[in-house]
Amino acid sequence: MVTIDELKNLDTSKFTRAADGWSAVSNRAAASRGRVDNEMLGKLRGTQKGDAAKAALKDLDQLSANYRYIHSECGLVRTALSGLAEELAAPQRKLKQALEEAQSLKFTVKPDGSVEYTKTANTPAPLAPTPAAPGAMPSLLKPDSTPDPNQAKAQDIANRIGEALKEATEIDGRYARALTKLNTDGNLKNTDPSDVARDVSDVRAAAGRHFSDSKIPKGKSPKENAQWWKNLPQAERDEYTALYPASIGALDGLPATVRDEANRIVLQQEYDAAKEKSEFLKSHPPEKYEQRMNARFGRRMGAKDQITPEWREWEREKKRVADHIEGMKAIQSRFEATGDNGLPDAYLLGFDTKGLGRAVVANGNPDTATHTAVYVPGTTAKLGSVDGDIRRMTDLWRTTNSIAGPQEVSTITWMGYSAPQNAHPFEKGEIIPSAAFKSYAHEAAPTLNSFLGGLREAQGGADKSHTTIIGHSYGTTVIGDASRKGDLGVDDIVSVASPGMLVKHADLLDAPKGHVWSEAAAFSKDKVPAGGKVVNLGGWEHSDPAFGLVPMPPHPVVPSDREFGANIMATDSNSHGDYWKMGSVSLRNQAAVVVEQYGEVKRG
């Protein structure tokens with residue numbers, strides 16, 4: 001139990017100064033890890049080969065992991081100490097106010113919190129007994145109906161002192177339990193990967209009342225998110241990032257560096273959890289087969305050759321977790337590739353493992369880029385296959401950077417929606433392919449609009465960076481729907497192998513007139529645009545009698561059709577996924593649009 005003297009004389013600034021010290025260590029560890037990853041690992045991977053290089057890379061990977069662990073754990077100590085100081089200040093104020101009032105009334109507060117008081121001098125005396133009539137019983141004394149007012153005051157002070165001590169004791173115990181668990185034996189090689197996740201949970205349980213997730217904006221605009229963040233002191237920003245990295249990393253409008261830091265924490269936590277779950281699933285398979293039953297007679301039939309529903313679900317979950325692990329490895333590989341032949345820092349602007357998983361990865365900081373390109377992938381996009389989409393934007397960055405001169409470029413893979421996973425009839429048991437439905441685009445559009453709005457907010461306004469949005473396949477359908485329903489705020493739209501953008505003409509998209517571009521290979525090489533007409537993902541067009549043409553039944557129009565009105569670009573793609581091949585005309589055309597070198601675009 002916290003005593004009166006302990007709480008009264010507590011110097012909470014000692015906790016604050018200690019928190020600042022731990023914060024400094026955490027920040028130095030983060031900076032050191034950045035130097036290891038970017039200045040050492042990246043350059044070494046790009047220039048050195050052989051056994052010696054492999055051994056050095058292994059040691060540097062361990063050093064990077066150590067710095068990451070130190071950064072996280074020291075940050076949690078900082079958060080706990082900061083929260084402890086803030087929370088103890090309230091009961092301390094309550095105690096001091098009660099003690100000051102007792103002193104002003106000349107009451108005595110005892111060590112156990114009880115309060116002695118002096119009776120008020122003008123307290124009415126008990127009334128005298130009323131004389132009894134002859135032969136009657138004497139009346140009782142009338143009770144004193146006016147108690148000493150100091151008694152009530154003393155009781156109130158004692159109650160407030162008790163409440164303050166009770167609150168302080170609860171706070172002290174809560175934080176003590178969390179801080180006790182923040183320890184290590186010093187051998188970071190033997191650190192349990194899930195240790196940080198458990199510590200985050202423990203500190204969140206302790207400090208969650210002070211740094212509550214409910215205070216983080218939900219469903220707000222990027223501008224409102226940015227304003228909330230700007231109004232926070234740096235210490236509180238650090239606490240929210242440490243305790244609720246997933247919530248902070250998901251906030252459109254925050255700086256890229258902030259979202260990257262938060263999402264990297266989430267990535268590590270999810271990777272550790274996925275590895276643990278994968279091992280559990282592998283070691284706990286359900287019964288695979290069950291005997292068939294004769295529906296008519298209710299008897300078993302033959303050998304056990306019918307696969308159980310539990311096995312099928314186990315197989316699906318095992319595959320899903322394995323896909324997530326592969327996707328997270330791909331993102332980590334991109335981090336490690338920084339510095340390889342000049343490749344810039346990577347920024348993880350969005351990440352989660354819900355469903356098929358989502359990831360938003362930038363090459364270069366979009367907040368400071370002169371030119372920004374956002375790529376929206378199409379059908380079959382998911383976390384498990386994000387490696388290919390990241391590589392496309394890495395190759396676009398290399399190509400764009402080679403012609404941008406001194407101007408800074410950022411290329412972003414926006415896999416921020418649940419994409420359809422089937423483009424062919426009867427695949428995966430679907431009679432109608434999932435890519436034929438507009439619902440995926442309808443659900444994705446608001447999220448894409450919010451992300452683009454967040455980019456503009458973090459950049460400082462729509463005129464701070466020339467922004468190009470590039471869609472591939474169903475990704476163009478998402479862009480089209482987002483353009484119809486919100487504010488893309490982009491300078492150029494590039495449609496690649498589009499099955500339709502849900503509008504009948506380029507001028508109906510949210511881009512300046514003449515700044516919609518399209519590239520698509522011939523039908524013999526890429527059948528997706530024609531397929532989009534079959535399922536009607538395009539807008540409707542018809543012949544206009546005003547031009548002397550015979551009216552025709554409406555037909556869907558896709559961006560590669562001349563009547564759509566887009567700038568048709570030449571392409572040398574040989575398949576639906578071949579538009580980002582290094583050195584190709586297709587890729588160079590995209591790069592020319594991204595850096596506004598429109599005269600360099602080869603027309604189709």
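Residues: numbered from 1 along the sequence shown.
A donor-acceptor contact closer than 3.5 angstrom is absent between the side chains of T394 and R391. When only modelled atom types and interatomic distance are considered, S214 and S212 share a side-chain donor-acceptor pair under 3.5 Å. For T372 and T467, the side-chain atoms include no donor-acceptor pair closer than 3.5 Å. Side-chain polar atoms of E443 and S418 form no donor-acceptor pair below 3.5 angstrom.
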Subject >> Derivation and outcome, side-chain contact (heavy atoms from CB on, under 4.5 Å), residues M569 and S518 >> reply: CA-CA 6 Å; M569 300 192 292; S518 174; over 6 Å; no

**OP:** Would you check, one step at a time, whether the test side-chain contact (heavy atoms from CB on, under 4.5 Å) holds for V516 with N567?
**Re:** CA-CA 6 Å; V516 176; N567 297 296; 5.7 Å; no

**OP:** List the steps, then state whether side chain to side chain donor-acceptor pair (under 3.5 Å) holds for Q407 with H371.
**Re:** CA-CA 8 Å; Q407 296 177 329; H371 302 286; 2.7 Å; yes

Subject >> side chain to side chain donor-acceptor pair (under 3.5 Å) between E408 and T370, intermediate numbers included >> reply: CA-CA 5 Å; E408 189 177 343; T370 305; over 6 Å; no

Original post:
Given E239 and T79, is the side chain to side chain donor-acceptor pair (under 3.5 Å) satisfied, shown in steps?
Top reply: CA-CA 5 Å; E239 317 314 344; T79 298; 2.5 Å; yes

Subject >> Check against side chain to side chain donor-acceptor pair (under 3.5 Å), N574 and K525 >> reply: CA-CA 5 Å; N574 290 312; K525 298 176 181 180; 3.3 Å; yes

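Side chain of N231 to main chain of Q227: a donor-acceptor pair is present (N/O by atom type, distance under 3.5 Å, no hydrogens or angles). Although no hydrogens or angles enter the test, the distance criterion places no donor-acceptor pair under 3.5 Å between the side chain of T571 and the main chain of A521. A donor-acceptor contact shorter than 3.5 Å is absent between the side chain of N363 and the backbone of S410. Looking only at distances, a side-chain donor or acceptor of T400 sits under 3.5 Å from a matching main-chain atom of L396. In this structure, the side chain of N263 engages the main chain of G249 through a donor-acceptor pair within 3.5 Å. Remark: the backbone N or O of F335 is paired with a side-chain donor or acceptor of T338 at under 3.5 angstrom. With hydrogens and angles ignored, the 3.5 Å screen pairs no side-chain donor or acceptor of K382 with any backbone N or O of G327. Although no hydrogens or angles enter the test, the distance criterion places no donor-acceptor pair under 3.5 Å between the side chain of E261 and the main chain of V258. Here the side chain of D345 pairs no donor or acceptor atom with the backbone of G364 at under 3.5 angstrom. Remark: the backbone N or O of R33 is not paired with any side-chain donor or acceptor of R68 at under 3.5 angstrom.
Here the side chains of M501 and R484 are not in contact, with every heavy-atom distance at 4.5 Å or above. The shortest distance between side-chain heavy atoms of R259 and D252 falls below 4.5 Å. By the 4.5 Å heavy-atom criterion applied to side chains, V494 and I469 are not counted as neighbours. Considering only heavy atoms from C-beta on, V496 comes within 4.5 Å of Q590 through its side chain. V374 has its side chain out of reach of I470: every pair of non-hydrogen atoms, C-beta onward, lies at least 4.5 Å apart. Residues Y579 and R392 are not in side-chain contact: their nearest non-hydrogen atoms beyond the backbone lie 4.5 Å or more apart. Using a 4.5 Å heavy-atom cutoff, the side chains of W229 and E224 are not in contact. Taking the side chain as every heavy atom from C-beta outward, P377 and Y474 never approach each other to under 4.5 Å.
The structure places CG of D352 at 8.5 Å from NE2 of H324, a figure rounded to the nearest 0.5 Å. Atoms OG and CZ, from S32 and R35 in turn, are 4.0 Å apart once rounded to the nearest 0.5 Å. Taking CG of N401 as the reference point, atom OG1 of T411 lies at 9.5 Å (rounded to 0.5 Å). Distance OG/S495 to CG/L509: 8.5 Å, rounded to 0.5 Å.
Within a 6.0 Å sphere centred on NZ of K464, heavy atoms belonging to other residues, nucleotides or ligands number 12 at most. No more than 12 heavy atoms of other residues, nucleotides or ligands lie within 6.0 Å of NZ in K220, so this atom counts as exposed by the packing criterion. No more than 12 heavy atoms of other residues, nucleotides or ligands shown are found within 6.0 angstrom of NZ on K581. Within 6.0 Å of the CZ atom in R562, the count of heavy atoms belonging to other residues, nucleotides or ligands does not exceed 12. Crowding of K223 atom NZ: a count of heavy atoms from other residues, nucleotides or ligands under 6.0 Å not exceeding 12.
A ring-centre distance under 6.0 Å is found for Y598 and H515.
Minimum heavy-atom separation, R78 to D238: NH2-O, 3.1 Å. When all heavy atoms of S473 and T379 are compared, the closest pair comes out as OG-OG1, 4.4 Å. Taking all atoms of both residues into account, the shortest heavy-atom contact from L254 to N225 is CD1-O, 3.7 Å. Heavy atoms only, all atoms of each residue included: S560 and I568 are closest at O-CD1, 3.9 Å.
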Acceptor/donor pairs from residues 19-31 side chains to any protein atom, 3.5 angstrom cut, sequence neighbours excluded:
{"residue": "S26", "atom": "OG", "partner": "H71", "partner atom": "O", "Å": "2.7"}
{"residue": "S26", "atom": "OG", "partner": "H71", "partner atom": "ND1", "Å": "3.0"}
{"residue": "N27", "atom": "ND2", "partner": "S23", "partner atom": "O", "Å": "3.3"}

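The residue from L349, L348, T413 that alone fulfils the side-chain contact (heavy atoms from CB on, under 4.5 Å) condition with V360 is L349. Under the side-chain hydrogen bond (donor to acceptor under 3.5 Å, both in side chains) test applied with S498, the options T476, D561, T477 reduce to a single match, T476.
Residues satisfying the side-chain hydrogen bond (donor to acceptor under 3.5 Å, both in side chains) test with Y347, not counting sequence neighbours, are none. Here H472 pairs with H576, W580 under the ring-ring contact (aromatic ring centres under 6.0 Å, His included) rule; sequence neighbours left out.
A salt bridge between K218 and D213 is present, with a side-chain N of the basic residue lying under 4.0 Å from a carboxylate O of the acidic one. A salt bridge does not link R588 to E600: none of the charged nitrogens lies less than 4.0 Å from a carboxylate oxygen. Taking a cutoff of 4.0 Å between a charged side-chain nitrogen and a carboxylate oxygen, D487 and R456 qualify as a salt bridge.
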